[in-house]
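These notes are about the structure you will find just below.
Start at 1 with the first residue, then count along the sequence.
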Amino acid sequence: GGRSGIVCWIRFMSSRGAIVIIDDDERLLARLRALLEQAGYSVTATSQTVGAARHLARCDLVILDFHMPGLDGAAVLASLRAAVASAPEPPLFYLYTSDTAASQSWQATGFDGVFTFKGDDERLVLQV
């Protein structure tokens, strides 16, 4: 929150606008990809957590679901952060959830921010 949120927003909005969305719901991925592409972003959407790091090379923002089959968002986040640890400008990692407990502990989990109200597509586009 606060000032760091503004700095992240300025950095993101002044860059290429490439987004990776990782979620296990294929319908949600298709819907969000279409909405964010319509808003002018370049979007890669995947339900695969294994191998997702290959999409991060030219990415500015990763939107990550917290509740994934077999792994939770924290484990996926740790893996992705390790994959971009040596990148000159690693992407921002934002949690995407409607889980109140997860959304309140995003900083402790290691995310750069949180998009709440999962399922409210218009609000997500505004938050991005």
Side-chain angles (χ1 to χ4, degrees):
R3 180 178 290 159
S4 66
I6 293 170
V7 171
C8 290
W9 181 79
I10 291 169
R11 181 190 133 202
F12 177 68
M13 295 308 291
S14 65
S15 61
R16 294 181 305 278
I19 301 172
V20 172
I21 306 169
I22 304 171
D23 196 296
D24 59 316
D25 184 337
E26 294 285 348
R27 290 175 304 168
L28 176 83
L29 288 174
R31 199 172 66 235
L32 294 182
R33 176 190 295 144
L35 284 167
L36 290 169
E37 285 177 345
Q38 190 174 32
Y41 298 99
S42 169
V43 180
T44 300
T46 182
S47 61
Q48 303 299 313
T49 55
V50 175
R54 72 180 183 274
H55 300 298
L56 304 184
R58 293 183 201 98
C59 173
D60 300 300
L61 174 67
V62 177
I63 300 174
L64 179 59
D65 181 23
F66 193 77
H67 298 290
M68 302 283 284
L71 290 173
D72 68 11
V76 175
L77 175 64
S79 170
L80 295 176
R81 280 208 187 273
V84 296
S86 62
E89 265 194 72
L92 297 173
F93 291 91
Y94 271 58
L95 172 63
Y96 187 43
T97 187
S98 56
D99 180 326
T100 305
S103 68
Q104 291 174 348
S105 63
W106 62 268
Q107 285 179 306
T109 309
F111 286 92
D112 296 307
V114 61
F115 295 127
T116 53
F117 305 104
K118 186 171 183 177
D120 185 338
D121 299 344
E122 290 177 19
R123 189 177 297 237
L124 175 66
V125 173
L126 290 173
Q127 288 178 315
V128 168

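Remark: side-chain polar atoms of Arg81 are paired, donor with acceptor, to backbone N or O of Gly110 under 3.5 angstrom. Between the side chain of Asp60 and the backbone N or O of Gly17 there is at least one donor-acceptor pair closer than 3.5 Å.
To the nearest 0.5 Å, the span separating CG on Leu61 from CZ on Phe93 amounts to 9.5 Å. Atom CD1 of Ile63 is separated from atom CG of Leu124 by 5.0 Å, given to the nearest 0.5 angstrom. To the nearest 0.5 Å, atoms CG (Leu95) and CH2 (Trp106) are separated by 9.5 Å. Separation of atoms OG1 (Thr46) and CG (Asp24) is listed at 11.0 Å; rounding is to 0.5 Å. Rounded to the nearest 0.5 Å, atoms CG (Leu64) and CD1 (Ile21) are 11.0 Å apart. Thr44 contributes atom OG1, which lies 11.5 Å from atom CG of Leu36 (distance to the nearest 0.5 angstrom).
Considering only residues two or more places apart in sequence or on other chains, Ala83 meets the side chain to side chain contact (heavy atoms under 4.5 Å, CB included) condition with Ala53. Evaluation of the side chain to side chain contact (heavy atoms under 4.5 Å, CB included) rule for Ala78 yields no partner, not counting sequence neighbours. The side-chain hydrogen bond (donor to acceptor under 3.5 Å, both in side chains) check on Ser47 picks up Glu26, with sequence neighbours excluded. Here Arg33 pairs with nothing under the salt bridge (charged side-chain N to carboxylate O under 4.0 Å, His left out) rule; sequence neighbours left out. Applying the side chain to side chain contact (heavy atoms under 4.5 Å, CB included) criterion to Thr109, with sequence neighbours excluded, gives Phe66, Ala74, Ser105, Phe111.
Closest approach of Cys59 to Pro91, counting heavy atoms only: O-CB, 3.5 Å.
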